[in-house]
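What follows is a single structure, written as structure tokens, with notes after it.
Sequential numbering from 1 along the given sequence is applied to the chain's residues. All of these numbers come straight from a predicted model, not from anything done at the bench.
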Amino acid sequence: MAVNTDKNLYYIDFDRLFENFAGRYYSDHELEYANADAFEKDLDHVYHLWATTPQTPLGGLSPSEFFNRIPTEELIDILKGSCVGDNNPCSLLFDRIATEPSLLTELTELALAATDEKLLAVAVSLIAELGGAPDSFYLDMLERDIDTAIKEPCIEALCDRADAVKEELIKRAQAADEVGKIELYVEPLTFCDAGDDRILELLRVLLANDPNTAYVAALMGRYGDERACEDLYRLLDDCDYATFLEVRNSIEQLGGTVDPDYRDFSDDPMYIAMRGIGKNKK
């Protein structure tokens with residue numbers, strides 16, 4: 001049940017509270033650990049202990065109980081305040097919000113309006129925890145000038161629903177005039193059923209213009225259209241060893257074959273390094 005709480009406590013440094021608790025715990029239990037690394041491996045247990053132990057700075061409440069008592073309608077405002085400046089939201093606040101499906105719409109609106117990337121990243125992550133947003137949300141996020149790390153979960157969400165957004169993805173990819181933008185839309189398209197001429201053509205556009213040949217080859221392999229084999233075979237004569245491995249793997253995914261001794265890579269730095277690693281393992 002919600003109770004009146006000093007709202008200044010919402011924004012205290014919970015990371016510091018835990019660090020202090022963990023330091024005291026290690027001092028009291030040092031003999032139980034072989035070394036500091038062993039203690040590091042036990043931090044999940046220590047964190048759970050901290051979360052369920054009454055804390056004086058929280059008025060005698062455990063951190064878990066403290067966050068569980070916050071009224072649902074205040075959680076988003078607390079989240080926003082917890083992302084200001086050097087502050088970071090406590091994982092227990094994150095966990096609490098992730099149990100409130102009624103906040104999904106508010107989180108989606110927050111993410112669409114957010115300009116602070118820390119807050120945006122947290123909101124996108126919470127949206128995923130709550131089951132995801134509409135297709136249009138993820139498509140719009142790909143259009144924004146934001147950090148790639150924030151776009152990645154949006155691309156993953158579109159990959160999971162690729163068939164539903166296929167036509168929109170194709171339209172946007174065909175209209176894009178930057179290789180990076182085409183990449184964003186084509187990656188989810190490779191989760192659609194193979195055989196669409198438009199998707200194959202987009203992959204060929206990437207192959208001709210994207211400097212990351214290995215990445216595009218991997219996309220072609222995943223898409224599964226065997227017609228791409230002819231494009232991939234043409235790469236084998238001029239690529240470095242790392243790219244050769246990816247291209248060969250994709251060709252084999254598409255039903256083709258490549259002789260492992262097709263080329264001499266004895267002067268390729270990666271080939272030399274990998275051969276060295278292999279010898280050391282013997």
Before giving the answer on side-chain contact (heavy atoms from CB on, under 4.5 Å), spell out for E30 and F39 the whole-Å C-alpha distance, their side-chain angles and the decisive distance to 0.1 Å. CA-CA 8 Å; E30 186 173 0; F39 177 67; over 6 Å; no

Quick one: do R172 and E168 make a salt bridge, cutoff under 4.0 Å? yes

Aromatic rings H45 and Y25: how do their planes relate, parallel, tilted or perpendicular, breaks at 30° and 60°? perpendicular

Taking NE2 in H48 as the centre, count heavy atoms belonging to other residues, nucleotides or ligands within less than 6.0 Å. Is the count above 12? no

L158 vs L142, side-chain contact (heavy atoms from CB on, under 4.5 Å): CA-CA, chis, key distance, verdict: CA-CA 10 Å; L158 291 171; L142 295 193; 3.5 Å; yes

Quick check on the hydrophobic clustering: are F191 and L219 connected, directly or via other members, by side-chain heavy-atom contacts under 4.5 Å? no

Give the C-alpha distance, both sets of side-chain angles, the deciding distance and a yes or no for side-chain contact (heavy atoms from CB on, under 4.5 Å) between D95 and E129. CA-CA 9 Å; D95 292 344; E129 290 288 325; over 6 Å; no

Could you check if a side-chain atom of D197 sits within less than 4.5 angstrom of a side-chain atom of E201, using non-hydrogen atoms only? no

For the residue pair F14 and F67, does the interplanar ring angle fall in the parallel (under 30°), tilted (30 to 60°) or perpendicular (over 60°) class? tilted

Check whether any side-chain heavy atom of D225 sits under 4.5 Å from a side-chain heavy atom of D196, and report yes or no. no

Treating Ile, Leu, Val, Met, Phe, Trp and Tyr as nodes and any side-chain heavy-atom pair under 4.5 angstrom as an edge, say whether F94 and L103 lie in one connected cluster. yes

Donor-acceptor pair, N87 side chain versus C83 backbone, under 3.5 Å? no

What I'd like to find out is whether the side chain of L9 reaches to under 4.5 Å of the side chain of P57, using heavy atoms alone. no

Please confirm whether the backbone N or O of C192 pairs with a side-chain atom of D163, one donor and one acceptor, at under 3.5 Å? no

Are Q55 and S62 packed together at the side-chain level, in the sense that at least one heavy-atom pair is separated by less than 4.5 angstrom? no

Under the side-chain contact (heavy atoms from CB on, under 4.5 Å) criterion, do L207 and M220 qualify, and how do the steps go? CA-CA 9 Å; L207 196 63; M220 285 182 151; 3.8 Å; yes

Would a distance-only check, ignoring hydrogens and angles, find a side-chain to backbone donor-acceptor pair under 3.5 Å from Y11 to G81? no

Would a hydrophobic clustering, with Ile, Leu, Val, Met, Phe, Trp and Tyr connected at side-chain separations under 4.5 Å, put L200 with L202? no

Answer yes or no: is there a side-chain heavy-atom contact under 4.5 Å between K166 and I199? yes

Between the main-chain N or O of D193 and the side-chain N or O of Y223, is there a donor-acceptor pair closer than 3.5 Å? yes

For residues R96 and S64, is any side-chain donor paired with an opposing acceptor at under 3.5 Å? no

Minimum heavy-atom separation for K181 and A176, please, with both atom names. CB-CB, 3.8 Å

Can you tell me if E246 uses its side chain to pair, donor with acceptor, with the backbone of Y215 under 3.5 Å? no

Are the side chains of L236 and I251 in contact, using a 4.5 Å heavy-atom criterion? yes

Electrostatic pair E156:K151 at N-O distance under 4.0 angstrom: no

Answer with yes or no whether the side chains of Y33 and D42 bring together a donor and an acceptor at under 3.5 Å. yes

S125 side chain vs A121 backbone, donor-acceptor pair below 3.5 Å: no

Is the closest basic N to carboxylate O distance between K80 and D116 below 4.0 Å? no

Flag yes if Y10 and V84 sit in one hydrophobic cluster, no otherwise; membership is Ile, Leu, Val, Met, Phe, Trp, Tyr, and two members link when side-chain heavy atoms are under 4.5 Å apart. no

Could you check whether any side-chain heavy atom of E65 comes within less than 4.5 Å of a side-chain heavy atom of P54, counting everything from C-beta outward? no

Would you call D135 and R161 a salt bridge, taking side-chain N to carboxylate O under 4.0 Å as the test? yes

Given 3.5 Å as the limit, does a donor-acceptor pair link the side chain of T243 with the main chain of C239, or not? no

Would you say that S82 contacts N88 through its side chain, given a criterion of any heavy-atom pair below 4.5 Å between the two side chains? no

Does either side chain, that of D237 or that of Y262, offer a donor lying less than 3.5 Å from an acceptor on the other one? yes

Would you confirm whether T108, through its side chain, and A133, through its main-chain N or O, come within 3.5 Å as a donor-acceptor pair? no

Classify the ring geometry of F265 against F244: parallel below 30°, tilted from 30° to 60°, perpendicular beyond 60°. tilted

Are E19 and R16 ion-paired here, with the side-chain N under 4.0 Å from a carboxylate O? yes

Could you tell me whether E74 atom CD has more than 12 heavy atoms of other residues or ligands within 6.0 Å of it? yes

